[in-house]
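These notes concern the structure reproduced below.
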Amino acid sequence: MPKLNLPRPDYSARRRHLMQKMSAAGVAIIPTAIPKSRNSDVQYPFRGDSDFLYLTGFVEPEAVLVLVPGHADGEQILFCRPRDSERETWEGRRAGLEGALEQCRVDRCLSIHDLNDILPQLLENRELLFYPMGQSTDFDARVMHWRNVAKSKIRQGVRYPLEVVDVAELIHEMRLFKDSAEIEILRAAVGISGAGHRHAMRQCQPGMLEYELAAEIEHVFHRLGSPSVAYPSIVGGGANGCILHYTENDAELRDGDLVLIDAGAEVGAYAGDITRTLPVNGVFSPAQREIYEVVLASQEAAIAAMQVGRSVADYHDEAVRVLVDGLLDLKILSGKRDAVIEQGSYKAFYMHRTGHWLGMDVHDVGHYRSADQSWRKLAAGMVLTVEPGLYFSPDNQTVPERWRGIGIRIEDDVLVTANGPDVLSGEVPKGLADVEAMMAAGPGHHGR
């Protein structure tokens with residue numbers, strides 16, 4: 001398959017916007033992620049820091065962005081690895097300084113090896129240091145050393161930053177609102193994620209191992225242009241679906257059980273995040289249908305509440321109301337709805353929130369509450385997941401046996417727009433009849 005034709009975000013505009021949020025006498029230091037060792041001589045696949053990628057699009061390790069508003073020699077400086085034929089033979093091609101300058105369109109590209117010499121100079125006569133303190137103790141120590149070098153020149157009339165401001169706060173507020181390029185990339189990530197889920201519906205059958213089904217999904221991700229999953233795929237058969245972050249994926253899928261699949265592709269550094277719960281044999285049992293219908297109704301009510309100007313908490317509250325009504329109707333809980341919600345007894349079966357921000361990180365950045373602790377209002381350009389669920393542990397003796405071991409979650413990715421919610425993952429079947437029809441078309445259930 002050819003590479004996806006994704007739009008290129010305007011990284012320069014993002015950097016200028018960030019500098020406008022900073023003090024004119026400030027300086028920002030934003031490093032990418034540090035490569036991590038898996039074991040012995042094996043490294044985890046490198047994935048750059050999301051804030052750094054948001055501002056540069058530069059995917060190589062050992063890189064630092066420095067923003068110095070008003071600096072005579074350039075406001076936007078990228079430190080990165082120079083070309084090195086010997087290291088490139090072992091580790092792969094590098095952009096080098098010229099390549100990085102062309103890619104990122106910063107004012108200057110300098111060698112990462114010169115960082116210790118140049119950074120103290122860039123801190124001189126700056127009042128505020130904007131830096132994501134606490135993400136790396138080693139890099140924190142380097143930054144403080146550079147600051148102290150600048151401080152050592154105080155008798156020469158040199159000023160230095162007296163205050164460190166968390167630059168992540170400024171970047172995360174920017175990232176919360178997706179621009180047109182981001183939305184197009186997210187549509188691609190969610191579209192590929194959805195294709196993987198539809199393929200899983202057609203391939204799922206009793207006797208498969210969970211990781212076989214995960215491999216089927218991830219094969220589609222890669223074939224359609226995603227280089228990586230957005231997070232480890234969750235494929236939980238039977239009672240494993242009651243474990244929220246189950247990742248062993250090594251059990252056999254059994255006839256008569258459900259399988260909960262939570263999987264998403266990463267495209268252009270943006271994440272898809274979709275969950276569907278399927279009957280392994282292609283047909284929901286009566287007990288499974290009863291719980292599934294409650295979860296689906298809850299999700300539909302939550303999505304309908306995702307309107308501009310409404311609280312980010314409203315759609316969770318709508319989901320909870322429908323879930324509690326369903327639990328009361330099935331006599332799994334007793335009492336009045338409001339009392340059950342106030343007491344929180346439903347949390348034995350629904351213990352998480354109904355969604356989260358989605359973007360470059362699957363649990364994306366951004367505050368859910370304002371400074372006064374009120375819930376934030378939804379606005380156009382925000383993207384969230386909607387993922388209510390019900391989970392009945394096989395060990396819970398308070399639940400009738402027919403429902404024990406059932407775990408159901410349904411998750412979609414939703415863009416908030418002025419015209420209402422736009423369900424980006426809407427092409428993935430979730431109605432009972434639609435799921436069964438999709439599964440019946442696959443080789444595992446053809447003609448059932």
Task: Glu216/Arg202 salt bridge by N-O under 4.0 Å criterion - done: no
- [ ] Look at Arg93 together with Glu60 and state whether they make a salt bridge at an N to O cut-off of under 4.0 Å.
- [x] no
Task: Donor-acceptor side-chain pairing of Tyr54 and Asp49 below 3.5 angstrom - done: no
Open item on the list: Test side chain to side chain contact (heavy atoms under 4.5 Å, CB included) on Ile410 and Glu387; report intermediate values, then the result.
Closed with: CA-CA 5 Å; Ile410 306 171; Glu387 50 179 311; over 6 Å; no
- [ ] Scan side-chain atoms only and decide if Tyr246 and Glu210 contain a donor-acceptor pair under the 3.5 Å cut-off.
- [x] yes
TODO: Kindly say whether Glu182 contributes a backbone atom to a donor-acceptor pair with the side chain of Asp179 at under 3.5 angstrom?
DONE: yes
Open item on the list: Pairing donors with acceptors under 3.5 angstrom, does anything connect the side chains of Arg155 and Ser152?
Closed with: no
TODO: Look at the aromatic rings of Tyr350 and His352 and report parallel, tilted or perpendicular, splitting at 30° and 60°.
DONE: perpendicular
Task: Sidechain-backbone polar pair: Ser370 side chain, Gln373 backbone, donor-acceptor under 3.5 Å - done: no
Open item on the list: Would you say that more than 12 heavy atoms from the other residues, nucleotides or ligands in this model lie under 6.0 Å from the CZ of Arg8, or not?
Closed with: yes
Open item on the list: If I take atom CD1 from residue Ile30 and atom CG from residue Leu65, how far apart are they, to the nearest 0.5 angstrom?
Closed with: 5.0 Å
Task: Ser193 side chain to Ala189 backbone, donor-acceptor under 3.5 Å - done: yes
TODO: Verify the distance criterion only: is there a donor paired with an acceptor across the side chains of Asn148 and Tyr160 at less than 3.5 Å?
DONE: no
- [ ] Verify the distance criterion only: is there a donor paired with an acceptor across the side chains of Glu169 and His367 at less than 3.5 Å?
- [x] yes
Task: Near-ring test His219/Phe221, centroid separation under 6.0 angstrom - done: no
